[in-house]
Amino acid sequence: MVTDTHDPGDERGRTDESHWWRNAVVYQIYPRSYADTNGDGVGDLPGITAHLDHLEWLGVDAIWCSPVSVSPNADWGYDVADYCDVDPALGTLADLDAFVAAAATRGIRVLLDLVPNHTSIQHPWFVESRASRESAKRDWYVWADPAADGGPPNNWVSTFLGPGWELDAATGQYFLHSFLPEQPDLNWWNEEVCAEFDRILRFWFDRGVAGFRIDVAHMVVKDALLRDNPSATERDHWMEQLRGQVQEFNSCRPEVHDVYRRWRAIANTYDPPRLLLGETHVFDVDALASFYGHDDELGLAFNFMFMHDEFALDRLRATVAETEAALVADAWPVWTMSNHDISRFPTRWCNGDDARARCALVLLLTLRGTPVLYYGDELGLPDTVVPDALLRDPVTIAYRGMIDRDAARTPMPWTAAPGGGFTDPGVDPWLPFGDLATHNVADQRADPGSTLHLVRALLALRRSTPDLRAGAYADLSADLSAEADAWGDAWGFRRGDHVQVVLNVGTEAVTVPVAIGDGVVIAIASDRVGEGDTVGDSVEVEGGRAVVLVAGVGPAH
Ligand code: NOJ
Ligand code: CA
């Protein structure tokens, strides 16, 4: 158990090495877009290894790398043709080993992306499965006879919209694809599939990989009877309304928890235990909480309610409060604002406003829970407008105007020079650069007032301040109802006894009570003004500004 008496983490779950991820800051890398070392315009594993200096300097504890496994790239790595090898465009298994080892020497752990819901249509398992109804691997995928009218076996639709079933004319049956037709769903009722994934987990864990982000973790097991989903009503989430149905029978099935209990048992045989971080795309906190089990399933389960909220403090406050209430001692929150599937937060939440983006970063890095930064978040990087002719994501191309994933997948801007420090000058990157002049690592590193330095200071403060990692969360703006007017557009919360955060995203200054005792200083301000200043019983925070107050200790630099 926790030995640090200053650390109230023991009230809300363990924060020792057996749950190392609860103390960690995770950084997601989209490998095709981080750094290209061989001049083909595509980021690669040696490129990530070459930039570990940046991540060590920033102070991240773990990297989650989007898929590096062999893929025909119908869905850029999320259609896997070999789970135990590296895609040649990204490097070799030796490059992966070198990356994991080099990261370890800097105290950085590496998580890979595991895609258990489906394979590529080109995976040898599926090629064998579709060869005949008698194939030894037929049952590894979800095959079903046509309905009486010859149509699909049930009403399930693809997450990417459109039918969820594809007819295989040669064998006269349909196969299920919860995403693209090039991504057939595995059948998790088949014990051989389960055993094969046990082997895949161990293959990577044995190589020193610290865990997995699990793709579409909520959908892996389907209803054994393939029952029709009910229609969505106007009370259901907008995404369900868009699909026209509630995913009652192809998502969040009770048996999915057996899979994660099985995997957690494997993960816990390693030292340190390996992390299972689920992409749990669910719409209520109770469903989210279920994926943690009794600390015997996922170690962390992504919170999409937070990411899909508007950047309206009332909305976010409510989601944080609901999450805090639902995730009790066995479960630990994880917060993220951007990833490779959604518009970047400086655009989506902040409309390009730098001051608001800095406030959002203060929020992400001061909530109770594990923060996950997406590459470029540390620069406040906005979306890149990708011209139609240069789009690469089939889903973006199919749903132009509705879904835009390429805008958030463009190359990391390292410098303002031609090639952006990402690739050789004159080489066309696989997706176009954004505005290299306005956001790049080199310029922000040279500017102590930059967003990059703010993020680094927040990470350093987390490391030196136990309350910021594990202290209980208390929403001050809700508690102090008598002072409600004083809070205006501000959100204040306490972390343990020694830290208070105030975010003011309005335009008017607010003066709010300080609720953490004596010797309080502004440890970090989003605009870096006034850091180290002492504050008394109240603090004034101007619009578009956030401050982190710490009692009884000096500012962290
Ligand atoms: C979620 C991934 O994040 C997304 O990029 C992918 O298209 C789907 N899962 C299907 O694997
Ligand atoms: Ca390359």
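Indexing begins at 1, ligand by ligand and atom by atom, following the structure's order.
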Carboxylate-amine/guanidinium contact D75 R405, below 4.0 Å: yes
Face-on cation placement of R356 at W349 ring, 6.0 Å and 45° thresholds: no
Decide, yes or no, whether a salt bridge links D36 with R32 under the criterion of side-chain N to carboxylate O below 4.0 Å. no
Suppose we only count N/O/S atoms under 3.0 Å; would T37 qualify as near the Ca ion (ligand 2)? no
State the atom name: nearest N, O or S atom of D36 to the Ca ion (ligand 2). OD1
Between R227 and D223, does any side-chain N to carboxylate O distance fall below 4.0 Å? yes
Calculate the angle formed at the Ca ion (ligand 2) by OD2 in D44 and OD1 in N38; 10° precision is enough. 90°
Suppose we only count N/O/S atoms under 3.0 Å; would L90 qualify as near the Ca ion (ligand 2)? no
If you measure from the Lys or Arg side-chain nitrogens to the Asp or Glu carboxylate oxygens, is any gap between E192 and R199 under 4.0 Å? no
Evaluate D383 against R348 for salt bridge (Lys or Arg N to Asp or Glu O under 4.0 Å), listing each step before the verdict. CA-CA 8 Å; D383 286 347; R348 178 171 40 85; over 6 Å; no
Are there any N/O pairs under 3.5 Å between ligand 1 and the protein, and if so, what are their distances?
residue  : atom   : partner : partner atom : Å
ligand 1 : 3 (O)  : R213    : NH2          : 3.0
ligand 1 : 3 (O)  : H340    : NE2          : 2.7
ligand 1 : 3 (O)  : D341    : OD2          : 2.5
ligand 1 : 5 (O)  : H340    : NE2          : 3.1
ligand 1 : 5 (O)  : D341    : OD1          : 2.7
ligand 1 : 5 (O)  : R405    : NH1          : 3.4
ligand 1 : 7 (O)  : D75     : OD1          : 3.3
ligand 1 : 7 (O)  : D75     : OD2          : 2.5
ligand 1 : 7 (O)  : R405    : NH1          : 2.9
ligand 1 : 9 (N)  : D215    : OD1          : 2.8
ligand 1 : 9 (N)  : D215    : OD2          : 3.2
ligand 1 : 11 (O) : H118    : NE2          : 3.0
ligand 1 : 11 (O) : D215    : OD2          : 2.7

Verdict with reasoning, N155 to N229, per side chain to side chain donor-acceptor pair (under 3.5 Å): CA-CA 7 Å; N155 72 348; N229 279 331; 4.7 Å; no
Which value, rounded to 10°, describes the OD1(D40)-the Ca ion (ligand 2)-O(V42) angle? 90°
Establish, yes or no, whether a centroid distance under 6.0 Å links the rings of F205 and Y270. yes
